[in-house]
Amino acid sequence: MEFASVLIAGLAIGSVYALVALSVNIVYSARRIVNFAQGDLVMLAGLVGAVVIVSWGVPYVLGLVAVSAVIIVLALVIERLAVRPLSTDDSSIAWILSIVAVAIVLSNAMVLIFGTDARQFPSLISNRPVDVGALRIVPDHLTAIFGTMVFLVILHLAQTRTLHGKAMRAAARDPEMAAMLGIPVRWYIAGAFGLSGVMAAIAAFLVGPMTFVSAHLGFALGIKGFAAAAMGGLGSFGGAVIGGLLLGLAETLSAAYIGSAAKDSVSLAILCVILIVRPTGLLGEPRVTKL
Amino acid sequence: MTIGNLHRLTRRGALALGVGLAVSAAMPLQANAAELVIGVINPLTGPGADLGLAGKQGLDPVISRINAAGGINGMKIRVIYRDDQSNPQKGVAAALELINRHRVDIIMGANLTHVAFAVSPMINKAKVPFIVFGTGSALINVKRFPYSFRFNMSTGVEAAVITRHVVLMRKHMRPGLLVDRTALGQSGRRALETALTKYKIKPVGVETFAMSDTDMTGQLIKLRNAKADVVLVWGLGPMLAHAARSAERIGYKAPVYGGIGMHQSAFLKLAGPAGAKWSATFFRSFTRAEGAPAAYNVQAYVKELEGVYGKGVSSSNMISAVWFDAMNALAAAVKGAKSKKGEAIRAALERIKGYKGLMSTYTFSPTDHDGFDPRDTTLAFALGVKRSIRLRVPNAP
């Protein structure tokens with residue numbers, strides 16, 4: 001039973017990382033760049049959500065819609081001002097600095113607007129544990145795990161079975177060829193950022209009850225999300241979820257059975273081993289360049 | 001004059017102006033003999049912001065009252081606040097500015113231990129009296145930091161109170177430690193381990209967590225498997241709230257005691273029912289026994305603060321009371337010193353004996369710069385706060 005508790009806790013925290021990793025991969029799928037500000041977008045969504053639902057009393061679902069709208073607009077602004085002008089040349093890495101700067105600006109803006117205190121985020125069901133037989137389960141954990149699986153399926157189907165998903169993959173793989181074929185590449189890239197904004201809002205609503213929401217958590221969350229995405233394979237939604245869950249399990253199991261001091265070392269060691277053995281991540285596709 | 005020459009001249013002029021402004025900003029300001037300048041380095045933003053706000057709310061009314069009465073020895077007090085953002089590097093930058101540019105006479109603050117450790121060496125090197133509020137025991141050392149004085153309770157005192165209660169009153173002989181990885185948590189760990197040696201007890205497990213951790217299930221399972229019959233925690237409010245929830249999730253019912261960080265507003269708001277039985281060290285004057293009222297003078301002080309700041313009053317207003325005591329005692333010392341030179345203020349502070357404040361009776365000496373009386377520390381439940389007054393743990397001192 002103890003092992004089951006550790007497992008569920010690991011899967012729950014892994015779901016947090018997986019949701020951020022999914023958002024990272026949405027953008028990467030459309031335009032081979034990593035949005036390092038994704039963790040801060042999730043926290044911003046959480047803080048706005050906490051104000052809208054708790055302070056203003058807006059119903060939960062309506063709150064999610066409102067927060068999504070805010071974060072979509074912000075994500076589109078980030079794409080237009082901080083990414084597009086600097087990512088025209090595939091060999092340029094100026095966008096990295098730009099996105100990191102955006103992350104810092106977001107983090108400081110959150111402190112100025114919302115203060116520094118961590119806030120409680122309202123639960124969809126409950127954050128108190130319930131006894132199910134010999135097991136103690138937190139409904140919010142199950143919501144996060146289940147929600148992650150649902151969005152994995154939705155994103156995977158959208159990417160592989162819809163015309164828009166295929167067009168987005170084509171735009172990411174070869175923007176020039178895609179443009180020649182009539183695919184509006186810029187629209188798809190902007191659309192990917194907008195979708196990552198929706199994902200950030202959903203992630204905030206699912207994980208906020210577990211992590212609380214705070215201006216200071218964005219950076220750490222973003223890094224873990226990126227690590228999960230890299231572990232699973234950048235661009236692969238299934239990989240993002242596997243990477244996130246693996247990272248969460250590694251952290252919790254190592255804290256429980258080796259020691260808390262080993263927690264970060266073990267999870268980073270696993271990341272290193274995976275990337276050494278398979279540099280594109282567990283489910284990442286190797287990128288082939290024709291000469 | 002061609003257009004090109006004009007542009008060059010304008011560019012050079014702008015560059016010269018910029019350099020001039022930068023140089024003048026860095027140059028020390030002229031000291032004013034008719035005023036006493038106090039520099040305050042405190043977290044006004046960041047995880048420790050409620051402590052910084054509490055400090056400001058404790059200090060400002062005292063300064064206003066002293067200045068309204070004519071100042072100290074005819075000198076009005078001017079306070080310069082600098083936000084360390086709960087960050088040691090920012091604290092160091094603030095200290096350098098206060099010492100070199102503003103040439104302050106006294107520095108107060110550094111409520112966060114890891115910031116206090118960063119700024120103490122340079123402030124003492126500059127021979128500026130430093131009223132430090134960080135609780136780390138090693139911050140007060142008359143050989144290493146001869147100009148540092150503390151009115152706040154120290155980690156060593158907290159650890160002694162916790163271990164005495166846990167071992168002698170509750171008969172727990174297998175403590176497990178759960179501490180954060182910052183200087184605060186490690187300072188608490190060292191203090192607890194040292195205090196436990198008095199009873200010839202070693203912790204059965206020591207687990208740590210990072211400031212960004214949101215789940216401590218693994219750490220608590222490890223302590224449970226080590227058969228810890230009590231858990232001693234050290235860290236800041238939000239992380240301890242996560243710890244409380246993690247303990248509830250796995251049904252871990254061992255009693256939990258911690259340092260004063262547990263009484264931060266974040267723990268009160270975020271732990272929920274999971275933190276109901278958690279308790280931590282606290283100032284005795286801000287507590288009451290079950291069924292008894294709190295001390296009248298403390299209630300009056302809290303009411304006065306609420307009158308001044310309304311809804312904006314800090315939830316850490318027990319820290320405001322410590323600042324209240326510190327500034328009043330400091331003012332008396334400076335008055336007696338009849339000088340604002342660092343050496344004179346230091347000597348005057350060392351002469352404080354039995355100064356009765358709201359929070360404690362303070363005594364300093366040339367060999368002891370920790371003025372807080374340990375007997376004014378107790379244990380109180382973190383939740384169930386009524387108008388800032390906590391409920392004392394049964395059988396706590």
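Side chains included, hydrogens not; waters and symmetry mates left out as well; all remaining heavy atoms used. Throughout, a chain's letter reflects where its sequence line sits, starting with A, and its residues are numbered from 1.
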S.K.: Can you list everything that forms a side chain to side chain donor-acceptor pair (under 3.5 Å) with Tyr309(B)? Sequence neighbours excluded, please.
M.R.: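 Residues passing side chain to side chain donor-acceptor pair (under 3.5 Å) with Tyr309(B): none at all.
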S.K.: Would you say Val54(A) and Phe121(A) make side-chain contact, with heavy atoms under 4.5 Å?
M.R.: no
S.K.: Could you work out all donor-acceptor pairs shorter than 3.5 Å where one atom is in chain B and the other in chain A?
M.R.:
residue: Gly46(B); atom: O; partner: Thr116(A); partner atom: OG1; Å: 3.0
residue: Arg181(B); atom: NH1; partner: Asp264(A); partner atom: OD2; Å: 3.4
residue: Arg181(B); atom: NH2; partner: Ser260(A); partner atom: O; Å: 3.1
residue: Glu207(B); atom: OE1; partner: Ser260(A); partner atom: N; Å: 2.9
residue: Glu207(B); atom: OE1; partner: Ser260(A); partner atom: OG; Å: 2.8
residue: Thr208(B); atom: N; partner: Ser260(A); partner atom: OG; Å: 2.7
residue: Thr208(B); atom: O; partner: Ser260(A); partner atom: OG; Å: 3.3
residue: Thr208(B); atom: OG1; partner: Ser260(A); partner atom: OG; Å: 3.4
residue: Asp213(B); atom: OD1; partner: Lys263(A); partner atom: NZ; Å: 3.1
residue: Asp213(B); atom: OD2; partner: Lys263(A); partner atom: NZ; Å: 3.0
residue: Lys222(B); atom: NZ; partner: Ile258(A); partner atom: O; Å: 3.3
residue: Asn225(B); atom: ND2; partner: Glu2(A); partner atom: OE1; Å: 3.4
residue: Asn225(B); atom: ND2; partner: Glu2(A); partner atom: OE2; Å: 3.3
residue: His242(B); atom: NE2; partner: Thr211(A); partner atom: O; Å: 3.2
residue: Arg245(B); atom: NH1; partner: Pro209(A); partner atom: O; Å: 3.2
residue: Arg245(B); atom: NH2; partner: Gln120(A); partner atom: OE1; Å: 2.6
residue: Glu248(B); atom: O; partner: Arg136(A); partner atom: NE; Å: 3.1
residue: Glu248(B); atom: O; partner: Arg136(A); partner atom: NH2; Å: 3.0
residue: Glu248(B); atom: OE1; partner: Arg128(A); partner atom: NE; Å: 3.3
residue: Glu248(B); atom: OE2; partner: Arg128(A); partner atom: NE; Å: 2.9
residue: Glu248(B); atom: OE2; partner: Arg128(A); partner atom: NH2; Å: 2.4
residue: Arg249(B); atom: O; partner: Arg136(A); partner atom: NE; Å: 3.4

S.K.: Decide yes or no on ring pair (Phe, Tyr, Trp, His ring centres under 6.0 Å) for Phe36(A) and Phe219(A), but give the supporting numbers first.
M.R.: CA-CA 8 Å; Phe36(A) 293 107; Phe219(A) 178 73; 9.2 Å; no
S.K.: Identify which part of Ile258(A) has an atom lying under 4.5 Å from any heavy atom of chain B, answering side chain, backbone, both or neither.
M.R.: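 For Ile258(A), the backbone is the part near chain B, not the side chain.
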S.K.: Of all the heavy-atom pairs spanning Pro175(B) and Leu196(B), show the shortest one and how long it is.
M.R.: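 Closest pair (atom of Pro175(B), atom of Leu196(B), distance): CG-CD1, 3.8 Å.
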S.K.: In terms of heavy-atom proximity below 4.5 Å to chain B, should Ala220(A) be classed as side chain, backbone, both, or neither?
M.R.: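 Interface part for Ala220(A): side chain.
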S.K.: Can you tell which of Leu270(B), Ile221(B), Leu178(B) has the highest number of heavy-atom pairs within less than 4.5 Å of chain A?
M.R.: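 Going by pairs under 4.5 Å, I would pick Leu270(B).
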S.K.: Identify, with sequence neighbours excluded, every residue that meets side chain to side chain contact (heavy atoms under 4.5 Å, CB included) alongside Leu282(A).
M.R.: Ile242(A), Leu246(A), Ile274(A)
S.K.: Search all heavy atoms of Thr163(B) against all heavy atoms of Ala195(B) and return the closest pair with its distance.
M.R.: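 For Thr163(B) and Ala195(B), the tightest heavy-atom pair comes out as OG1-CB, 3.4 Å.
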S.K.: Quick one: closest heavy-atom pair of Ala227(A) and Leu247(A), and the distance?
M.R.: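 So the minimum-distance heavy-atom pair works out to CB-CD2, 4.3 Å.
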S.K.: Can you name the side chain to side chain donor-acceptor pair (under 3.5 Å) partners of Ser187(B), sequence neighbours left out?
M.R.: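 Ser187(B) satisfies side chain to side chain donor-acceptor pair (under 3.5 Å) with no residue once adjacent residues are dropped.
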S.K.: Between Gly205(B), Pro273(B), Ala266(B), which residue shows the highest count of heavy-atom pairs closer than 4.5 Å to chain A?
M.R.: Pro273(B)
S.K.: Specify which of Pro238(B), Gly251(B), Ala49(B) makes the most heavy-atom pairs with chain A at under 4.5 Å.
M.R.: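 Heavy-atom pairs under 4.5 Å are most numerous for Gly251(B).
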